[in-house]
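Report on the structure given below.
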Amino acid sequence: MPECPTRLPEPRAGGTVHRSTPRPLARLRALVFTVAATLLLANAVQAQAPGQAAIATAHPLASEAGAQILADGGNAFDAAVAIGAALAVVEPYGSGMGGGGFFMLRQAGEAATYRFLDARERAPLAATADLYLRDGKADPRLSLDGPLAAGIPGLPAAWVQLADDYGRLPLTASLAPAIRLAREGFPVDAVYRERAGWRLEALQRDAESARLFLLDGAIPPLGHRLRQPELADTLERLAVEGNAGFYAGPVAERLVAGVREAGGIWTREDLAQYETVLREPLVFALPDERRLISAPLPSAGGVAIAQSLGLLERLDWRAAPPLQRVHLVVESLRRAYRDRGLLGDPDFIASPVDHLLSDRHLDQLATSVDPRRATPSATLPPAPRWWEGDHTTHFVVMDADGNAVAATVSLNLMFGAAFTVPGTGVLLNDQMDDFAADLDASNAYGLTGSRANLIAPGKRPLSSMSPTFIEGPQGLASFGTPGGSRIPSMNLLSALAYLGGEPVPAWAATRRYHHQYLPDVIQYEEGAFSASERQALEAMGHRLEPLERAYGNQQIIYWDKRTGAVQAASDPRGAGEALVIPASDLRTAPASR
Ligand code: DON
């Protein structure tokens, strides 16, 4: 059994560890933290490896698929394939073979190594910056519904890579549970019905999607067995042939023909050229020898989380009473989200991330925070606006050796583009809407875009998805959730609950509020603030806007390296399942939710 790391992971040569080096007094504090942590570490009994596995996903059938693969001798990477593929079948509204996503990979070893597998969709080669402009104005329907909205999918290539380069089992084994679920069907649950209801009209407009995901044009009843035989065939072909089973051959031919017949612009070359990218994760040093390991570009999420944590350390968030802490979190988010306008696909733009995470920039931002008053966003130098959809999926799995995968995968809006390519069962994404369709005018949601995120052939749209780990000598924690623009703020709040010493279930359950620079409001879940807290925030100059519904679906695992305990939690707002699986019995009861 490989040993767990007693040293913290370093990025590969050429990678950068961004440091949350606070101002002089806080610097001293950080040093004290470091010394204390080193002494504690020297005395601590070091766990060798977790010795137990853990899984948290948004759907019990996906958690079970992962547990089955672990029981069959697979590692975390095999289980990630099984879970991701099962989710693609049972949550067609959240992710799928026609979409993409990000995988944060932790390879256990003497010192664990992290890699970020970027399987984000790419713009078709025929895409141009004005793709969605009609009469000079962005037409949101074109980037949201139908095949023109679809980027070239990355998820199938990610599964192949995980199996080939990291897994222990063949793809035929790790895809088997998903193939069975697609062929034999799964019972429609309340979540499915709700999501299908939200996207009903778009699904009704596409005959193939309506045939597969509705029943006689209506939302299927509870318990209806939803079968996807064409998807089972496509999955089987991928399992047997690898990438050639999807990105070439008859499936690719059908995908391209189906897309083009319905007005899309894909070519065979787009599919043949698709490649995932293995990137260095964004690594940001925290006090107590902890490190944030989160999504790099083309995700804006990791940068926002790191900037916010860097600002909060400078603003001494730990010493702040609860309401003051909310104010500091909001002011940090406001500044971090403002900087997002500079971000885009790093293969197309010069990355400003080193600058955004530099001491100089963070010190400057921190000094601009008034501890007593909200800073109106309009008084900060402007940055381009943006908005994103609200549906995707996240899962996390760790094996008994300490290998782990946290993945956020997506079709963008619910049921993606609501367009299924006939004969393939592949529902396409509408991730192209994450690009800026226009600079000055509106995108789908009436907000303007940024130059760094304009459409270009082969480019990846900027994302908020940010699968995240925090690792230190104390333990390994993982966070992640769907939720579009609110993903980074949710991950930040869960991380703060962890760093603030709260118990694991509270990291997922923690109250949620959000600020994204513009609109200049704090959005919050009903019940997140008491009446007196709302009044106090308003008195500081904040505008508050209650949200109609709870949001987010955090999937969390924690391995306490000092006690050896492993815990998992699935957001109480969702219908997911968290499992902790002792090595002796890989199929135990669900962990606390
Ligand atoms: O990549 C992104 O940031 C979005 N397309 C993700 C969409 C999302 O999280 C919707 N979730 N509920």
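Whatever order the structure lists them in is the order used to number ligands and atoms, beginning at 1.
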* **Residue portion contacting ligand 1 (non-hydrogen atoms closer than 4.0 Å) for T392** => both
* Asked: Just one of R122, R279, R120 clears the salt bridge (charged side-chain N to carboxylate O under 4.0 Å, His left out) bar with D347, so which one?
  -> R279
* Hey, is R141 close enough to D430 for a salt bridge, meaning N to O under 4.0 Å? -> no
* How would you list, by chain and number, every residue that makes a side-chain contact (heavy atoms from CB on, under 4.5 Å) with D145, sequence neighbours excluded? -> R199, A202, R205
* **Residue portion contacting ligand 1 (non-hydrogen atoms closer than 4.0 Å) for R486** => neither
* To do: Over 60° means perpendicular and under 30° means parallel, so classify the ring planes of W507 and F479, tilted if in between.
  => tilted
* side-chain contact (heavy atoms from CB on, under 4.5 Å) partner of L311, chosen from R334, R335, E331 -> R335
* To do: Answer with side chain, backbone, both or neither: which part of I487 has a heavy atom less than 4.0 angstrom from an atom of ligand 1?
  => side chain
* Asked: For ligand 1, which atoms, with element, lie under 4.0 Å from some heavy atom of S464?
  -> 1 (O), 2 (C), 3 (O)
Show every donor-acceptor pair shorter than 3.5 Å between a side-chain atom in residues 82-104 and any protein atom, with sequence neighbours excluded, or say none if there are none.
from	atom 1	to	atom 2	distance (Å)
E91	OE1	T393	OG1	2.8

* Structure fact -> In ligand 1, the atoms that come under 4.0 Å of a heavy atom of G484 are 8 (C), 9 (O), 10 (C), 11 (N)
* Asked: Q431 heavy atoms, cut-off 4.0 Å: which ligand 1 atoms fall inside?
  -> 1 (O), 4 (C), 5 (N)
* Run the numbers for me: atoms of ligand 1, each under 4.0 Å from some heavy atom of R120, listed by number. => 1 (O)
